[in-house]
Number of protein chains: 2
Amino acid sequence: MSRPSRRSRGTVTVQDVAREAGVSAMTVSRVVNGGSNVRETTRHAVLEAIAKLNYSPNSAARSLAAGEATQIGLLYSNPSAAYLSQFLIGALAAARRAGCHLVLEACEGERADEQAEATRQFAATSVEGVILPPPLSEAAPVRAELETAGIPWVSVAMGLPPERSLNVRIDDAAASAAMTKHLLDMGHRNIGFIRGNPNQTSSAERHRGFVEAIEAAGLDVKAMPVEQGYFTFRSGIVAAERLLDRKNPPTAIFASNDDMAAAAVGVAHRRGLHVPQDISIVGFDDTALATTMWPELTTVRQPIAAMAESALTLLLARLRAHRAGTNDKLEEQVLDFELIQRESCGPPPGAGKPAAGRAARR
Amino acid sequence: MSRPSRRSRGTVTVQDVAREAGVSAMTVSRVVNGGSNVRETTRHAVLEAIAKLNYSPNSAARSLAAGEATQIGLLYSNPSAAYLSQFLIGALAAARRAGCHLVLEACEGERADEQAEATRQFAATSVEGVILPPPLSEAAPVRAELETAGIPWVSVAMGLPPERSLNVRIDDAAASAAMTKHLLDMGHRNIGFIRGNPNQTSSAERHRGFVEAIEAAGLDVKAMPVEQGYFTFRSGIVAAERLLDRKNPPTAIFASNDDMAAAAVGVAHRRGLHVPQDISIVGFDDTALATTMWPELTTVRQPIAAMAESALTLLLARLRAHRAGTNDKLEEQVLDFELIQRESCGPPPGAGKPAAGRAARR
DNA sequence: GGACGAATTGTTAGCGGTAACGGTGGCTCG
DNA sequence: CGAGCCACCGTTACCGCTAACAATTCGTCC
């Protein structure tokens with residue numbers, strides 16, 4: 001038996017499906033992508049043929065023929081590993097569907113020239129768009145460099161709507177307010193807050209949500225102790241110690257991320273305070289840390305993987321529009337957060353009972 | 001001016017390079033890949049043209065034409081997020097170079113049928129090879145399923161050389177022995193060991209290294225307290241408490257991974273023991289946890305990203321050989337580990353001075 | 001009933017590379 | 001000195017899919 005032509009792997013192609021369904025290859029292609037302008041009966045026949053032959057399109061051929069973007073950059077700067085892995089999982093799923101490759105580039109260092117340099121790496125390679133997870137989503141040097149290189153980008157988890165870029169985020173203020181309300185509902189009236197790094201707008205948003213919830217409860221915000229942190233474990237230690245050193249220490253601490261919350265738990269333990277009996281401590285992000293510590297952390301979950309997927313999808317749409325010449329508007333997507341209740345949070349000491357009904361534990 | 005043919009993006013192609021260098025496209029291709037049978041002068045001319053035009057090959061076109069593997073599976077089962085992100089970084093780099101896509105699949109659950117089911121997902125999609133990071137690298141159901149589906153795979157971080165599969169690992173026993181020797185050098189003579197999950201051969205290897213180092217120092221292994229752990233934070237708490245409950249508690253604890261070491265540190269703190277003044281605690285893996293805790297952990301670093309790269313490269317070579325019909329031998333690669341000294345480890349209490357010279361901190 | 005626009009489908013020509021094979025030219029060897 | 005072989009390079013024909021356009025069908029309206 002003669003080999004058909006070249007190396008014919010046993011792959012099913014559009015041609016096979018077309019033959020099976022009695023249509024042309026082009027029609028099959030149309031059905032597979034969006035399926036605009038295909039009669040319902042033909043579509044059905046094609047789908048049936050696809051199912052029968054177990055066809056799955058070859059993404060290499062697809063992106064080659066369509067002239068689609070193939071390299072999308074992802075510039076990260078040591079966010080927590082937990083964040084990064086979740087992010088990569090989401091981004092990878094979207095990238096595979098779109099048939100494009102993710103090009104990772106680490107950006108160590110916070111100096112402007114280091115960031116600019118890392119960005120230039122991308123301009124040099126043939127990266128057609130860039131995803132910027134936090135904290136780089138708002139790094140001015142990076143954005144400036146991309147701007148001059150003419151490479152579109154999408155920011156992730158910026159606290160506020162962007163001016164000139166795509167953005168995917170959650171409503172940090174609302175999430176923070178929800179968490180604060182949860183603490184209030186449990187009976188806490190003296191709540192310490194640890195702010196996040198001021199170089200990220202989400203820090204301000206989280207603080208804003210805290211303030212709003214306090215005020216909405218008719219309490220005095222000025223009475224609540226607030227300390228500055230920088231999202232690092234270390235900065236959390238310092239901030240937590242300052243809070244507990246006060247003459248009237250809070251009965252609950254709301255840290256702007258899990259790392260700082262974990263630090264606060266550590267500080268409390270070293271002072272002989274039990275969590276949550278003596279003090280409640282809650283975080284933000286729901287990274288893996290939240291469950292590898294003890295007690296497990298009550299926190300806010302961001303849908304990180306979904307955000308990454310959204311980001312890539314948005315970026316690809318923009319690139320497509322760019323190529324087609326149509327100027328799409330700068331879009332923004334706001335995804336839902338979730339309040340995760342675990343063991344690090346309870347009613348304040350001395351409270352007879354929690355003020356509000358208990359929510360189910362996860 | 002008429003558009004060349006279809007949508008011509010401003011990309012540089014082999015044709016352009018060929019024209020510039022005064023050769024055929026095929027020759028350029030040859031130079032780019034391996035470059036067998038190309039005269040030195042021509043190769044030089046081509047390389048110059050490539051540099052001049054800033055050419056970079058289109059991976060989609062390449063893998064389409066070459067008929068290479070395009071989908072490589074990666075079946076993971078909640079290893080620590082830190083491990084996964086490092087692993088993904090390495091795997092992604094290799095995947096992009098090879099022009100293939102990574103298809104992630106989470107395998108929750110440890111039951112055999114769950115694992116088999118997750119594996120079957122891969123057989124259904126057109127995944128041509130699978131990477132198995134720990135702990136799935138040795139999961140019998142997964143391997144059996146892949147075997148019957150005829151999908152090649154590569155195991156990562158299996159403790160021992162494989163029988164029927166590719167494998168990438170470090171020398172766990174040697175690493176463990178090195179760490180043990182480090183503790184001995186510091187003057188510890190009563191070292192507690194927390195074993196890893198027995199479902200992984202690396203656990204046994206790490207214990208073996210510990211034993212060998214103790215014996216090499218002429219000490220009695222039986223005198224050293226050993227507890228069983230399962231690589232989880234929780235199991236580390238239990239094991240550490242047992243160790244410290246002994247009537248003659250150890251002056252140092254060597255946990256088989258960082259999570260359990262972190263748990264041990266937590267237990268020590270809650271008992272009022274200071275680390276490392278009162279007790280030294282060391283781990284294994286050097287995950288991000290090691291530096292987000294306090295004190296930072298002395299541990300063994302595995303080159304996770306490099307292992308992932310190796311794994312993918314090995315797997316692709318195998319697939320290529322498979323396709324060509326040549327039966328390549330089952331290879332194994334052993335990469336180097338590194339001892340990382342941080343603050344969680346010091347001389348035993350009461351020791352006048354460390355027995356050995358101090359190594360530099362990282 | 002025929003003209004006409006919209007909806008649906010087919011045809012053609014590549015996307016950018018590379019496998020396979022065919023042609024040089026130079027060198028060895030009988 | 002011609003056969004034979006090898007190192008080197010070009011030609012051809014695609015890989016699997018889709019943009020652009022051509023062709024066809026279909027309904028609709030006067």
Side-chain angles (χ1 to χ4, degrees), chain A residues 2-19 21-46 50 53 55-71 98-99 126 320 323-325, chain B residues 2-19 21-46 50 53 55-71 98-99 126 320 323-325:
Chain A
S2 68
R3 306 249 296 314
S5 61
R6 212 174 347 170
R7 75 251 94 138
S8 98
R9 282 149 283 146
T11 8
V12 191
T13 76
V14 258
Q15 306 295 343
D16 301 326
V17 177
R19 206 171 313 125
V23 296
S24 79
M26 196 58 222
T27 302
V28 175
S29 168
R30 273 189 271 257
V31 170
V32 172
N33 320 336
S36 59
N37 288 351
V38 178
R39 199 176 317 171
E40 198 46 48
T41 56
T42 14
R43 174 210 307 292
H44 196 75
V46 170
I50 288 177
L53 300 180
Y55 164 76
S56 86
N58 178 323
S59 70
R62 193 206 298 251
S63 50
L64 177 59
E68 292 245 305
T70 61
Q71 315 263 70
S126 50
R320 233 189 311 275
R323 201 165 12 243
Chain B
S2 67
R3 304 251 296 316
S5 60
R6 214 178 344 174
R7 77 249 94 139
S8 99
R9 281 149 283 149
T11 9
V12 191
T13 77
V14 259
Q15 306 295 342
D16 301 325
V17 176
R19 204 170 316 123
V23 297
S24 79
M26 196 57 222
T27 302
V28 175
S29 169
R30 271 190 272 256
V31 170
V32 173
N33 324 334
S36 59
N37 286 352
V38 178
R39 199 176 317 174
E40 197 46 48
T41 56
T42 1
R43 173 211 306 292
H44 196 74
V46 170
I50 288 177
L53 301 180
Y55 165 75
S56 86
N58 178 323
S59 71
R62 195 207 296 254
S63 51
L64 174 59
E68 292 246 303
T70 61
Q71 315 263 72
S126 50
R320 232 189 312 275
R323 197 162 20 240

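The figures here come from the full heavy-atom set of this structure, side chains too, leaving out hydrogens, waters and symmetry mates. Quantities reported herein were computed from a predicted structural model and do not represent experimental measurements.
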At a cut-off of 3.5 Å, list every protein nitrogen or oxygen paired with a nitrogen or oxygen from nucleotides 5-9 of chain D, distance to 0.1 Å.
unit_1 : atom_1 : unit_2  : atom_2 : d
D/dC9  : OP1    : B/Thr42 : OG1    : 2.6
D/dC9  : OP2    : B/Arg39 : N      : 2.8
D/dC9  : OP2    : B/Thr42 : OG1    : 3.3

Which listed nucleotide (D/dT18, C/dG16, C/dT18) is nearest to the side chain of B/Thr11? C/dG16

B/Tyr55 side chain reached by B/Thr11 side chain, heavy atoms, under 4.5 Å: no

In terms of heavy-atom contacts, A/Ser63 and B/Ala60 come closest through OG-CB, 3.7 Å

With axes from five pairs an end, tell me the bend angle of the helix from C/dG1-D/dC30 to C/dG30-D/dC1, nearest 10°. 50°

Report the distance from atom CD of B/Gln15 to atom C1' of C/dC15, rounded to the nearest whole Å. 11 Å

Rounded to the nearest angstrom, tell me the gap between atom CZ in B/Arg62 and atom C1' in D/dG16. 18 Å

May I have the distance from B/Met26 (atom CE) to D/dC14 (atom C1'), rounded to whole angstrom? 13 Å

I need the CZ-C1' distance between A/Arg19 and C/dG10, as an integer number of Å. 16 Å

Do B/Ile50 and B/Val32 touch side chain to side chain, with heavy atoms closer than 4.5 Å? yes

Tell me: CD1 of A/Ile50 to P of D/dG16, nearest whole Å? 16 Å

Atom-to-atom span, CG of B/Asn33 to C1' of C/dT18 - whole angstrom: 8 Å

To the nearest Å, how far apart are A/Asn58 CG and C/dC15 P? 18 Å

A/Ala21 versus A/Val46, closest heavy-atom pair with distance: CB-CA, 4.0 Å

At what distance, to the nearest 0.5 angstrom, does CZ of A/Arg19 lie from CG of A/Asp16? 5.0 Å

Drop me the distance from B/Asn58's CG to B/Thr13's OG1, to the nearest 0.5 angstrom. 10.0 Å

Between B/Leu53 (CG) and C/dG16 (P), how many Å, whole number? 14 Å

Under 4.0 Å from OP1 or OP2 of D/dC15: is there any side-chain N or O of A/Thr13 that close? no

Value rounded to 0.5 Å, distance of CD in B/Gln15 from OG in B/Ser24: 9.0 Å

Got a donor-acceptor contact below 3.5 angstrom from the A/Thr42 side chain to the A/Val38 backbone? no

N-O pairing of A/Arg62 and A/Glu68 below 4.0 Å: no

